[in-house]
Amino acid sequence: MEGLYFSEPRLLLLVPLILIGGIASLRWKRNRLLVLSRTAIFCLLVVALANPYVTVTETTQTRRPLITVVSDLTASTEIFDREAAERVQAEIPNSQIRTFSGTASPLGDKILQYAQQGGALLLVTDGYSNAGRDLKEALSLARSANSTVFALEMEPVRDDCSVEISGTNTAVLGGDYPFTVIVRSARAGFEGLLTVRADGSVIYQDKVSGEGRSTSIKMSHRFSSTGTHLLEATTSFPQDVRRENDRYTKAVYVVPKPEILLVADGESPLSEVLSEQYRLTTTATFRQEQLGPGGKRYKAVVLDDQSYYPELSGLKDYVRNGGGLVVVGGEDAYDFGDYRNTSLEEVLPVKSVPSIFEGGKTTVIIMDISGSTRREMSIGGSTFLDYEKALAIEFLRSPEFRDDRVALVVFGTEAFVVFTPTPIVGKEIMISDRISSLSPQPGAQEETQLDTGLALARNILNSSGGEGEVIIISDGRVKEYPEVFEESVRMIREMDATVHLVEVKSFEDAPGGFRDLAARSGAEYHPAVYPSSVAIRAEERPEELELPEEEEIPAGGYALMILNPKHYITSELNLSANATGFNDVTPKSGGQRLVVMLDGKPILTVWRYGLGRVCAFTSDDGSAWAPEVYSAKNSILVSRTVNWAVGDPRPESGRIDAEDGWLGTPLEIAITSGSPPKIGPGQVEKVGENRYVAVVTPEKRGIYTVGDRGIAVNYPLEFRFVGFNPDLPRLIMSNGGMVFSEPEVARDLVEEARERSVITIQKRVSRRWILLFTALAVFLSEVIARRLREVKR
C-alpha cells in the first residue's frame, strides 16, 4: 500500500512461516475452521507487532502568536531612539521584550536564540551583524523553524560618520598602489573634510559630500622604499557625534619588483608597460632552463604573439607548480599560431577555435497582458503594458543579461509562451520586436493567470537545465484572486531559480499585491514607479559597464566591455578602449571571461591551473590591433592582469599574511616559516608544512609588528557601518517577514504574525489497532461459530 511503512519490517518474515504451518496443519486437523482462524489471527498479530504506520501532515495556526521584541542596545545604536523598542512592545498584546548590548552585534545568534516555532520576532536594530552566526543564514533557519522575523524601520536621531581604506595589504616598489577611501554617514546628505596621509605626509585633502549615505574616492600612491608603510584617512564632520571611527590606518607591505620573463620579438607598448612595473627580462625564444632551479626564478612568464614550438610545453609544469602565465595574442598566436591540441593549449583557459556563443543562464520574462494593463499610468500617458514592455527591453539591453538565453511568457485570461529560450546576442532586434508587438488580451473580465504563467516558466527552466532566473513584470493585481495568489506563492517557493517581482506603479503608494507575494514566497521585490526605471542587478552593475555610444567606436574597430566587474582584475575598473583585431577563441568550461566584445567574444579570459594562474589576452600587444588598451588611462588592465598572474609577489619563505584588524575582534595571522614563530599571547597552530596560524585579539588600536611586517588595528568593527542597514528589508522580506514603521506596528503586526504563524508538522500515525481489532473479530467469530455448532448438536 502506498504510503504505508513498518517500524519493525523484519517481523514480517514470520508471516510466510505461519502460513506454511497453517497449510500443513489442514492435512491432519479435522477442525479446519479452527486452523484457518488461528492462522489468520497469528498473521494479524505479527503484522501488528511490526507496527504499520502512515505519515500525516498537520497544519495549525496560532490565534495569538507569541511576539518577541528583540531590542538592540549595542554601542552602534546610540544614534537611534533607544526607547522605540519599549514603545512598540507596549502596543503589542501577548508580547515580550529581550535586549542585548555590548560592543559587538551578534544579531544572527540572537534571532536563533529567541525564535520559537509558530512565534514571531520584531527586530528593533540598526540591522548590522558583526559577530556570531551570519544574519542571512539565521533568518533562513528561523523561517525553516516556522518562526517569522519582522523588523522596525529605524531613522537615526543623530548623525555618525565613519571612514575606511580599501585595498590590498601588499604593494610593489615604485608601482602604482591603487586604493579606495570609503566615507559613510548614518544620514543621507553629508559634507565634511577628508585628509589622507602616506607615512605622515598629506597626499589628499578636500571636502567630500554625498547625496546618499556613502561615497568612495579612488586614489593611488607610489612607495619609494620596501617594508611597512602607513596610509591614514581622517574625516571631520560638524554633525558627527562619534569620533572613534573618524580615523582609519592601513598598513601596506612594500616588496621589491617581481621578476617577469617576457618572450617577444621586439619592443611594443606591452613591454613598455611591463618595464615600468616589474624587473623585466626579455628573450626572443623560450627555453626551460631560463626558469632557473625548480622554476622559481620568475614569478610569471608573458608570451607576446608567439607561435607554438616544442619548448613551450615546459610551461605546463611551471604553471602547475605555481607560476603565472600571460599569453598575449596577435598574428602568430592562438588560432594563427597552431595552439590547437598542444600542451600549451591544455594550460590555457581557451581553445584556439572560433567561438559561437549561444548564451549561458536561462532568463524567463513573464509579462502581464491582462485587461487591467490597458489603463493609462497618467492622463494622456502610456499604458501599464507600454511601461512593462519598455522595462523588459531595458533589462535585456543590460550587459549582465548579454550571456543569457531569454524566453518570454505572457499571462492574462490565459497564459502562453511567446518564444522559447533564445540567445540574446545577435537576436536583440527580434526579441525587442516580439516584446513591442504585445497587446492586452481581450476578455470580459480582467482575470490574471499568473500561476499558469509560472507553471510554463518552470517547464522551460526544467527543460533547459542549468542556472535560471525569472522576472515577472505586472501591475501586481494578484491578491484579487486568492486561489491564484496562494498557488503562485507555492510555485515560487518550490521553483529552483531566482524570482524577481517587478511591480509597475503610476505613483509611489499605488496599491498592489507583489510586495505581499514577495514576503510570502521569498521572491525579490522591485517597485517600478512611472516614468522612472528599475535595475534588478543594480548592486552588481557599476557605471563603467554602460555600453559605449555608437559614435565613439571608430570604423573597423570593436568596442571592449567589462563582463565580470567582481574579479580582482576588473574590480572598479573603467575601461574605454577599442580593438581593430582579435584572435577568435572559445572559452573552456571553468574559464572566466572578464573582458569581451559586444557580441560576447572573449578578449581576456582567466583561470587557475594547478597552483598557478593563467590569463589569455586575445588581442595583440598594442602594436597594431589594440593600442588603446595600453594607453595611460587603460593600461591598468594590463598591469592588473600580470599582477593577478604573479599572485603573491613576496619571496616564498618568511611570509606573514594578515588583514587590517579591528579592536576587540579576533585577528588571524598566517605565517610561512621553517620554525614555530612566537607572537605574544597568541596561540600558534601548525596547519601545514612550514605553515602556521596564530589568532590574537587586539586590546588597543595601533600598529602591531610581526617580524618585519606591520598590522594596523583600527576602531571596533561595531562602528564600521553606521545608520540603518539598507539591506535589512530585503533580507527580512526574502525570508517571509515584513518591515514596519512604528505607527504600522500596532495596526498590522499582530495580524501579519497570525497569518504567518502556521506550524506544519509530520507525525507517524499507527495502524496496528485496525489489525488488532480484526484479529479480535476473527477470534470471536470463530468462538461463536463453534459454540453454535455445539448447541446445534
Side-chain angles (χ1 to χ4, degrees), residues 59-154 519-520 522 665 717-718 721 724-742 744-761:
T59 301
T60 59
Q61 189 176 48
T62 306
R63 296 185 62 183
R64 289 189 176 182
L66 176 63
I67 300 175
T68 302
V69 179
V70 181
S71 177
D72 180 359
L73 298 180
T74 56
S76 63
T77 62
E78 292 176 353
I79 62 175
F80 295 94
D81 184 356
R82 290 293 191 96
E83 299 178 357
E86 295 181 358
R87 288 198 303 270
V88 297
Q89 192 266 335
E91 296 290 336
I92 304 173
N94 192 31
S95 65
Q96 58 185 2
I97 189 170
R98 298 289 184 266
T99 63
F100 65 97
S101 58
T103 56
S105 298
L107 189 55
D109 290 346
K110 296 302 177 181
I111 289 174
L112 296 180
Q113 179 180 348
Y114 299 123
Q116 300 184 37
Q117 192 175 34
L121 298 180
L122 175 63
L123 304 181
V124 183
T125 174
D126 59 0
Y128 291 110
S129 181
N130 50 55
R133 180 87 68 164
D134 179 71
L135 178 58
K136 184 177 181 180
E137 180 184 358
L139 289 171
S140 178
L141 290 173
R143 182 181 184 182
S144 64
N146 290 316
S147 179
T148 307
V149 182
F150 301 98
L152 181 68
E153 187 176 5
M154 304 280 285
R520 289 280 305 279
T665 300
L717 189 58
E718 178 77 4
F721 298 104
F724 185 74
N725 185 358
D727 293 330
L728 182 63
R730 177 181 59 82
L731 291 173
I732 293 291
M733 293 177 64
S734 64
N735 286 280
M738 295 182 67
V739 178
F740 297 96
S741 63
E742 191 169 334
E744 293 173 337
V745 170
R747 185 177 69 246
D748 301 329
L749 177 61
V750 175
E751 180 61 25
E752 292 292 341
R754 187 189 66 79
E755 290 184 1
R756 289 165 170 78
S757 64
V758 177
I759 301 177
T760 302
I761 59 173

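Any value given below was found using the heavy atoms of this structure, including those in side chains, with hydrogens, waters and symmetry copies removed. Quick caveat: nothing in here was measured; it's all calculated off a predicted structure.
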Go through the structure and list residues passing ring-ring contact (aromatic ring centres under 6.0 Å, His included) with [X], not counting sequence neighbours.
X	answer
Phe740	Phe150
Phe80	none
Phe721	Tyr128

Test salt bridge (charged side-chain N to carboxylate O under 4.0 Å, His left out) applied to Arg143 - qualifying residues, sequence neighbours left out
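Per chain and number, Arg143 pairs via salt bridge (charged side-chain N to carboxylate O under 4.0 Å, His left out) with no residue.
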Which residues pass the salt bridge (charged side-chain N to carboxylate O under 4.0 Å, His left out) test with Glu751, not counting sequence neighbours?
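Testing Glu751 for salt bridge (charged side-chain N to carboxylate O under 4.0 Å, His left out), a comparison that skips the adjacent residues, returns Arg754.
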What's the verdict on side chain to side chain contact (heavy atoms under 4.5 Å, CB included) for Leu123 and Asp72, showing C-alpha distance, side-chain angles and the deciding distance?
CA-CA 8 Å; Leu123 304 181; Asp72 180 359; over 6 Å; no
side-chain hydrogen bond (donor to acceptor under 3.5 Å, both in side chains): pairs with one or both residues in residues 96-106, sequence neighbours excluded
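Qualifying pairs: Thr68-Gln96, Thr74-Ser105, Gln96-Arg98, Ser105-Glu718.
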Test: ring-ring contact (aromatic ring centres under 6.0 Å, His included). Region: residues 82-119. Which pairs qualify, not counting sequence neighbours?
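Passing the test, one end in residues 82-119: no pairs.
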Taking all non-hydrogen atoms of both residues into account, name the closest pair between [X] and [Y] and its distance.
X	Y	result
Ala753	Ala120	CB-CB, 4.0 Å
Ser129	Pro106	OG-C, 4.1 Å
Ile79	Ser76	CG1-O, 3.9 Å

Mind running side chain to side chain contact (heavy atoms under 4.5 Å, CB included) on Val70 and Ile111 for me, showing each step along the way?
CA-CA 8 Å; Val70 181; Ile111 289 174; over 6 Å; no
Please determine whether side chain to side chain contact (heavy atoms under 4.5 Å, CB included) holds for the pair Asn735 and Val149, giving the CA-CA distance in whole Å, both sets of side-chain angles, and the decisive distance to 0.1 Å.
CA-CA 8 Å; Asn735 286 280; Val149 182; over 6 Å; no
Taking C-beta and beyond as the side chain, do Val124 and Met154 meet within less than 4.5 Å on heavy atoms?
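They are in contact (side-chain heavy atoms under 4.5 Å apart), so the answer is yes.
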All side chain to side chain donor-acceptor pair (under 3.5 Å) counterparts of Ser140, not counting sequence neighbours
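Applying side chain to side chain donor-acceptor pair (under 3.5 Å) to Ser140 gives none.
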Please table the atom pairs, donor to acceptor, closer than 3.5 Å between any side-chain atom in residues 85-94 and protein atoms at least two apart or in another chain.
| from | atom 1 | to | atom 2 | distance (Å) |
| --- | --- | --- | --- | --- |
| Arg87 | NE | Glu742 | OE2 | 2.8 |
| Arg87 | NH1 | Asp81 | OD2 | 3.0 |
| Arg87 | NH2 | Asp81 | OD2 | 2.8 |
| Arg87 | NH2 | Glu742 | OE1 | 3.2 |
| Arg87 | NH2 | Glu742 | OE2 | 3.4 |
| Gln89 | NE2 | Ser95 | O | 3.3 |
| Gln89 | NE2 | Ser95 | OG | 3.4 |
| Asn94 | ND2 | Arg64 | O | 3.1 |

What pairs with Leu728 under side chain to side chain contact (heavy atoms under 4.5 Å, CB included), at least two apart in sequence or on another chain?
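Expected list: Thr125, Leu135, Ala151, Phe724, Asn725, Ile732.
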Tell me, please, which residues at least two apart from Leu112 pass side chain to side chain contact (heavy atoms under 4.5 Å, CB included).
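Residues passing side chain to side chain contact (heavy atoms under 4.5 Å, CB included) with Leu112: Arg133, Ala138, Leu141.
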Which residue pairs pass the salt bridge (charged side-chain N to carboxylate O under 4.0 Å, His left out) test with at least one member in residues 100-113, sequence neighbours excluded?
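Listed once each, the pairs would be none.
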In Å and rounded to the nearest 0.5 Å, what is the [atom1] to [atom2] distance from [X] to [Y]?
X	Y	atom1	atom2	result
Glu744	Leu152	CD	CG	9.5 Å
Thr148	Leu122	OG1	CG	12.0 Å
Arg520	Met738	CZ	CE	11.5 Å
Leu731	Leu139	CG	CG	6.0 Å

